[in-house]
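Below you'll find the structure, written out as structure tokens, and then a few comments.
Each residue takes its place number in the sequence, starting with 1. The shown structure was predicted, so the numbers you read here are calculated from the model rather than taken from an experiment.
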Amino acid sequence: MKYQVVIGLEVHTQLTTNTKIFCGCSTRFGSSPNSQTCPVCLGFPGALPVLNQKVVDYAIRAGLATNCSIAPRSIFARKNYFYPDLPKGYQISQFDLPICLNGHLDIEVDGVKKRIGITRIHMEEDAGKLVHADVAGIGDDSCVDLNRACTPLLEVVSEPDMRSPDEAIAYLKKLHEIVRYLGICDGNLEEGSFRCDANVSLMPVGSSVFGTRAELKNINSFRFIKQAIEYEMERQAEILDDGGKVVQETRLFDPNTGTTRSMRGKEEAHDYRYFPDPDLVPVIVDQAWIDQVRESLPELPDAKRARFTADLGLPEYDVEVLTASRELAEYFEETLGLFPQAKTVSNWVMGELTRALNDDGKEVTESPVSPAQLAELLKLVEKGTISGKIAKTVFDEMYKTGKKPEEIVAEKGLVQVSDTSAIEAIIDEVLAREAGQVAEYRSGKDKLFGFFVGQVMKASKGKANPGVVNELLLKKLQG
């Protein structure tokens, strides 16, 4: 490579408050166009904004979780620009005095750890949404839906510390994981709750002087973000190789072609004519407020992973899967509290539970099988009431019906047979039927033992205790 890529990311996280940042309108997604609006978010003259306190709480949570310092005094500013979905002609944001400053996140790519700086996190309102002619029923017009106008956002601005697309994705996934654990953002990329602007530039390898950057706007998929950065690296390298100059601009990524195209010249801060919003007082955050928020923070992903590894002795793979979401980790821990065998619980949560949920397109919070029910099922296996194989059948029935495992076992007569005389009779029947295979086993083909176990389990319809089967079968074959 002749060039080194330099990447900085600006991530917009939509907050999970019930109402908007400066008015009482609902933030619910998917409502009829312009049905969740009022004079404030429609930008009517004389309508005054009132700050939603929960937005400040969430900003402090995000700042603490990303190692930022929380500003004791921050100010809202007006960011002036014209766009059809911006009814006021300006966006209320923060500029020179944001609420969070100088944080960082630690990432790991290919076994190499790296710290990515966070310049700032600031609060702002979202704009509306334009619905264009390529949407069914719109015709040739572009229509404006202002339901999203005034929806609360946190913009997380990184330092230009990333030097590969993989580092950028690792940082994004780490941030995505954190805001979901905090409960401040649902992280839904398809609905635009978590979207990213990527600033990409190239500089000669060995140089410390950054090149001219292009901004890749509003990408809402990890895969597309990586594709967009990779394409932009190739595009800029071709320009530089031909002796040209990269133009500072905002570009859009087209996922259908995997390319970026110019949208507009990139504005600088002075182009927006920022000035303090005269309708909003400064936000004052004292230490007591910060301490109160800090005490309410959940255990974050890195800390949870370290605890699962050190205290529970789980393999790295299990830990990564179980902590992928706060809800899955909580399901696992609640089950573990009732059935304290970490690896067994992990296997069932990662296996049967996750498989069923994925097949059904459900989240773990929608699981028909509660942690208490799963724990009861595992206790039945531990007691020897049912076998592990039968337990999977019982789980499927639990998932379909919501019934307790004891009910299903009783209704279907699935209690495991451990009576030695009953099992011995089945073994005798199998060995008599498979006399030829018995002779081969006794002549030295030890691998046939598994065949006999399978035949006995089949004859018992899976009810025979596998441990008893193995013990008795071995005696019979060697006798």
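For the atom pair Phe308 CZ and Ser346 OG, the distance stands at 9.0 Å (nearest 0.5 Å). In this structure, OG on Ser32 lies 8.0 Å from CG on Asn147, to the nearest 0.5 angstrom. Taking NZ from Lys20 and CG from Leu15, the interatomic distance works out to 14.0 Å, rounded to the nearest 0.5 Å. Note: Ile92 CD1 to Glu124 CD = 11.0 Å, rounded to the nearest 0.5 Å. Atoms OG1 and CG, from Thr335 and Leu353 in turn, are 8.0 Å apart once rounded to the nearest 0.5 Å. Rounding to the nearest 0.5 Å gives a distance of 3.5 Å between CD of Glu159 and OG1 of Thr119.
Taking a cutoff of 4.0 Å between a charged side-chain nitrogen and a carboxylate oxygen, Arg307 and Glu299 qualify as a salt bridge. Between Arg163 and Glu167 no salt bridge is recorded (no basic side-chain N to carboxylate O distance below 4.0 Å). In summary, Glu376 and Lys379 engage in a salt bridge, as defined by a charged side-chain N under 4.0 Å from a carboxylate O. Between Arg355 and Asp396 there is a salt bridge, since a side-chain N of the basic residue sits under 4.0 Å from a carboxylate O of the acidic one. Between Lys88 and Asp277 there is no salt bridge, since no side-chain N of the basic residue sits under 4.0 Å from a carboxylate O of the acidic one. Note on Lys304 versus Glu333: salt bridge recorded, some NZ/NE/NH1/NH2 to OD/OE distance being below 4.0 Å.
Ser69 places a side-chain N or O within 3.5 Å of a backbone atom of Leu101 that can act as its donor or acceptor partner. Asp318 contributes no side-chain N or O that, together with a main-chain N or O of Gly313, makes up a donor-acceptor pair within less than 3.5 Å. The closest donor-acceptor contact from the side chain of Asp197 to the backbone of Asn218 lies under 3.5 Å. Although no hydrogens or angles enter the test, the distance criterion places a donor-acceptor pair under 3.5 Å between the side chain of Asn34 and the main chain of Leu146. Side chain of Arg61 to backbone of Leu182: a donor-acceptor contact under 3.5 angstrom is found. A distance-only check finds a donor-acceptor pair linking the side chain of Gln94 to the backbone of Met123 [under 3.5 Å]. Checked by atom type and distance alone, the side chain of Thr16 pairs as donor or acceptor with a backbone atom of Gly183 at under 3.5 Å.
Remark: Glu363 CD is loosely packed, at most 12 non-hydrogen atoms of other residues, nucleotides or ligands lying under 6.0 Å away. With a 6.0 Å radius and a threshold of 12 heavy atoms from other residues, nucleotides or ligands, Asn358 has its CG atom above the threshold. Atom CD of Gln287 has more than 12 heavy atoms from other residues, nucleotides or ligands within 6.0 Å. Enclosure of atom CD in Glu366 by more than 12 non-hydrogen atoms of other residues, nucleotides or ligands within 6.0 angstrom is indicated. Residue Lys343 qualifies as enclosed at atom NZ: its count of foreign heavy atoms under 6.0 Å is above 12. No more than 12 heavy-atom neighbours from other residues, nucleotides or ligands sit within 6.0 angstrom of NZ on Lys54.
A side-chain N or O of Glu232 and one of Thr260 form a donor-acceptor pair less than 3.5 Å apart. A donor atom on one side chain and an acceptor atom on the other are not found under 3.5 Å apart for Tyr231 and Asp254.
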**Study point:** Derivation and outcome, side chain to side chain donor-acceptor pair (under 3.5 Å), residues Glu191 and Gln14
**Key:** CA-CA 10 Å; Glu191 294 179 3; Gln14 181 176 314; over 6 Å; no
Exercise for review: Please report the C-alpha distance between Gln248 and Thr212 in whole Å, then the side-chain angles of each, then the deciding distance to 0.1 Å, and finally whether the side chain to side chain donor-acceptor pair (under 3.5 Å) criterion is met.
Suggested key: CA-CA 6 Å; Gln248 182 168 315; Thr212 302; 5.9 Å; no
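A cation-pi geometry, defined here as NZ or CZ lying under 6.0 Å from the six-membered ring centre and within 45° of its normal, does not hold between Lys174 and Tyr171.
Residues Arg326 and Arg180 have side chains not in contact (no heavy-atom distance under 4.5 Å, counting atoms from C-beta outward). Residues Phe332 and Met350 have side chains not in contact (no heavy-atom distance under 4.5 Å, counting atoms from C-beta outward). Using a 4.5 Å heavy-atom threshold, the side chains of Lys403 and Glu397 count as separate. Annotation: side chain of Leu172 is in contact with side chain of Cys196 (closest heavy-atom distance under 4.5 Å).
In plain terms, the two heavy atoms of Leu130 and Pro84 that are nearest each other are CD2-CB, 4.0 Å.
Using cut-offs of 30° and 60° on the angle between ring planes, the pair Phe95 and Tyr274 is parallel.
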